Amino acid sequence: MPKTTIAFFETTEKEKKYLKKKFDKNFELLFFPEPLNASNAGLISNINIISPFIYSVIDSDVLNKAKRLKLIATRSTGFNQIDIKKAQAKKISVANVPYYGENTVAEHTFALILALSRNLHKAYLRTLRNDFALEGLQGFDLKDKTLGVIGAGSIGVHVIKIAKGFGMKVIAHDPIPNHILAELLDFQYVSLDELLKNSRIITLHCPYNSHTHHLINMENIDKVKKGTFFINTARSGVIEPKALYYAVENNIFGGAGLDVFEGEDLLEEENQMLTKNVAVEHLEALLKKNLLIRKENVIFTPHMAFDSVEAVERIMDTTVDNIRSFLTGKNYHKVI
Ligand code: NAI
């Protein structure tokens, strides 16, 4: 029986090693570190399955060169890089990785919350200087404090579950409430204004779009209680930059933990951060310019909330599952 040929594009050595272990001798695997595009489309003329990442451009020219292609299993959530209509016309299926890191981002959210609530960042710097004094490092308990979750979707719900483990009260704002879940996990849905007024810690987990652009802004920032902590692992545009500066300057935000920051528009999806094509220098430059970088109560992390060993492996595992399920006629994450 002829082997199924799979070509993986934009792969690192680590990914190659991991993926090789997942397929047996019935498969012929090809790995290319470069993206697939019109200039190297000849590579896929006899390939059955391709697995690109986001920098490949799989347009009509590329698909015309693919004589035996049956499946495109992208290792990303988005699939803008693929001409879906053309694929459909050529009866080529497309699969993606719709989720891989809800718990991962939720855990990072708590890393930021705990760093701020227990002054870990300050303590770390002090002990490096051989200063072991406790003065100014007193933290506060999370137990019985109110966490306000804006966007109770996949990540938000994980955050709520973790918060419940700490004995926190949780309120959430979401235009599509799930009341059964609220009862099960013991949290309440409230309006945005109520959430801003009543939270000890506010954490953002909604998408960034025209409805959430500057959801927190100069009009509503004064509704927030003085000293409230603010965590953003979603997208920077959900809070108006001016309102963020104003809140930190005026101790409306007593602390802020930011994994995303102003000007980061080039990023379409998180795992882009893992490839060398991403302008890390651009992010560095943005951070250097950010006026909040030197504030004692503001912690920045370089858009790393999604990045755990397990989350990155889940991307590959889902891709492998997509391929196997496609070949055996089972359900997979089908785009078309
Ligand atoms: P999701 O789609 O499962 O949940 C989003 C929730 O936000 C939904 O329940 C939705 O109804 C709600 N929502 C929509 N509009 C809203 C509004 N105006 N106000 C309040 N809630 C609103 O998405 P998921 O997977 O939980 O991800 C959330 C966001 O986290 C992503 O859109 C992305 O921007 C960000 N993210 C950040 C990562 C990082 O590494 N920092 C990694 C992955 C995602």
Side-chain angles (χ1 to χ4, degrees), residues 104-150 158-171 195-205 216 218 220-234 236 238-262 283-305 307-308:
T104 310
V105 179
E107 287 176 27
H108 191 78
T109 301
F110 267 85
L112 291 171
I113 291 176
L114 287 164
L116 287 168
S117 69
R118 306 309 297 258
N119 289 310
L120 293 188
H121 55 307
K122 295 179 199 166
Y124 173 72
L125 289 176
R126 275 196 198 184
T127 51
L128 281 182
R129 296 192 303 260
N130 269 332
D131 177 355
F132 294 90
L134 292 188
E135 210 184 320
L137 293 184
Q138 188 169 54
F140 69 86
D141 287 355
L142 296 185
K143 184 172 179 296
D144 297 328
K145 300 294 183 313
T146 301
L147 179 70
V149 177
I150 300 184
H158 273 278
V159 166
I160 294 170
K161 286 184 191 161
I162 298 174
K164 285 289 156 185
F166 278 98
M168 299 184 82
K169 294 176 185 145
V170 179
I171 52 179
L195 185 140
L196 296 180
K197 275 183 206 155
N198 296 317
S199 303
R200 177 69 181 84
I201 301 169
I202 295 171
T203 182
L204 300 185
H205 300 292
I216 302 178
M218 287 305 287
N220 60 17
I221 192 71
D222 281 314
K223 297 196 164 123
V224 176
K225 270 192 302 227
K226 282 247 175 199
T228 297
F229 278 20
F230 174 74
I231 308 292
N232 192 357
T233 59
S236 65
V238 180
I239 181 163
E240 184 182 358
K242 203 171 159 194
L244 178 59
Y245 295 127
Y246 168 82
V248 171
E249 279 295 328
N250 294 287
N251 194 36
I252 294 171
F253 289 157
L258 309 171
D259 188 50
V260 288
F261 39 91
E262 210 189 328
L283 298 185
E284 266 173 29
L286 286 174
L287 259 177
K288 275 185 200 149
K289 274 198 312 196
N290 199 304
L291 296 175
L292 296 177
I293 193 82
R294 303 217 177 280
K295 295 271 175 202
E296 248 212 325
N297 287 337
V298 182
I299 301 176
F300 281 97
T301 52
H303 206 131
M304 59 187 266
D307 188 14
S308 71

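Here the structure is a predicted model, which is why all the values come from computation and not from measurement. If you read the sequence from its start, that first residue is 1, and numbering goes on from there. All values below were derived from every heavy atom in this structure, side-chain atoms included, with hydrogens, water molecules and symmetry-related copies excluded.
The CD1 atom of I201 lies 5.0 Å from the CD1 atom of I113; values are rounded to the nearest 0.5 Å. To the nearest 0.5 Å, atom CG of residue L147 and atom CD1 of residue I202 are 9.5 Å apart. Distance check, rounded to the nearest 0.5 Å: NE2 of H158 to OG1 of T109 gives 11.5 Å. One distance of note links CZ of F230 with CG of L196; it measures 10.0 Å at 0.5 Å rounding. Taking CD1 from I252 and OH from Y246, the interatomic distance works out to 4.5 Å, rounded to the nearest 0.5 Å. From I299, atom CD1 reaches atom CD1 of I293 across 11.0 Å, with rounding to the nearest 0.5 Å.
Remark: K145 engages F140, D141, M168, R200 in a side chain to side chain contact (heavy atoms under 4.5 Å, CB included) (not counting sequence neighbours). By the salt bridge (Lys or Arg N to Asp or Glu O under 4.0 Å) test, K161 is found to be paired with no residue, residues two or more places apart in sequence or in another chain being considered. Contacts of E296 classified as salt bridge (Lys or Arg N to Asp or Glu O under 4.0 Å), with partners at least two apart in sequence or in another chain: none. Under the rule for a salt bridge (Lys or Arg N to Asp or Glu O under 4.0 Å), the partners of K164 that lie at least two apart in sequence or sit in another chain are D186.
Residue pairs meeting the side chain to side chain donor-acceptor pair (under 3.5 Å) criterion with at least one partner in residues 122-131, sequence neighbours excluded, are N119-K122, K122-N297. For residues 239-253, the pairs satisfying salt bridge (charged side-chain N to carboxylate O under 4.0 Å, His left out) are E249-K295, with sequence neighbours left out.
Between A234 and L204, the shortest heavy-atom distance links the atoms CB-O, 3.5 Å. Across V170 and A163, no two heavy atoms sit closer than the pair CG2-CB, 3.8 Å. When every heavy atom of T233 is checked against every heavy atom of H205, the shortest pair comes out as OG1-CE1, 3.3 Å. When all heavy atoms of V149 and I160 are compared, the pair lying nearest together is CG2-CG1, 3.9 Å. The minimum heavy-atom distance linking S199 with K225 is given by the pair O-CE, 4.0 Å.
Taking the side chain as every heavy atom from C-beta outward, L292 and F300 approach each other to under 4.5 Å.
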Practice task
Decide side-chain hydrogen bond (donor to acceptor under 3.5 Å, both in side chains) for T301 and H108; before the verdict, give the C-alpha distance in whole Å, the side-chain angles of both, and the deciding distance to 0.1 Å.
Solution key: CA-CA 10 Å; T301 52; H108 191 78; 3.0 Å; yes
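Between the side chain of T228 and the backbone N or O of V224 there is no donor-acceptor pair closer than 3.5 Å. With D259 contributing its side chain and M304 its backbone, the two residues share a donor-acceptor pair below 3.5 Å.
The aromatic rings of F110 and F166 lie parallel to each other, their planes meeting at an angle below 30°, with 60° marking the opposite boundary.
No more than 12 heavy atoms of other residues, nucleotides or ligands sit less than 6.0 Å from atom CG of L134.
Shown are L112, I239, T203; of these, the side-chain contact (heavy atoms from CB on, under 4.5 Å) with N232 is made only by I239.
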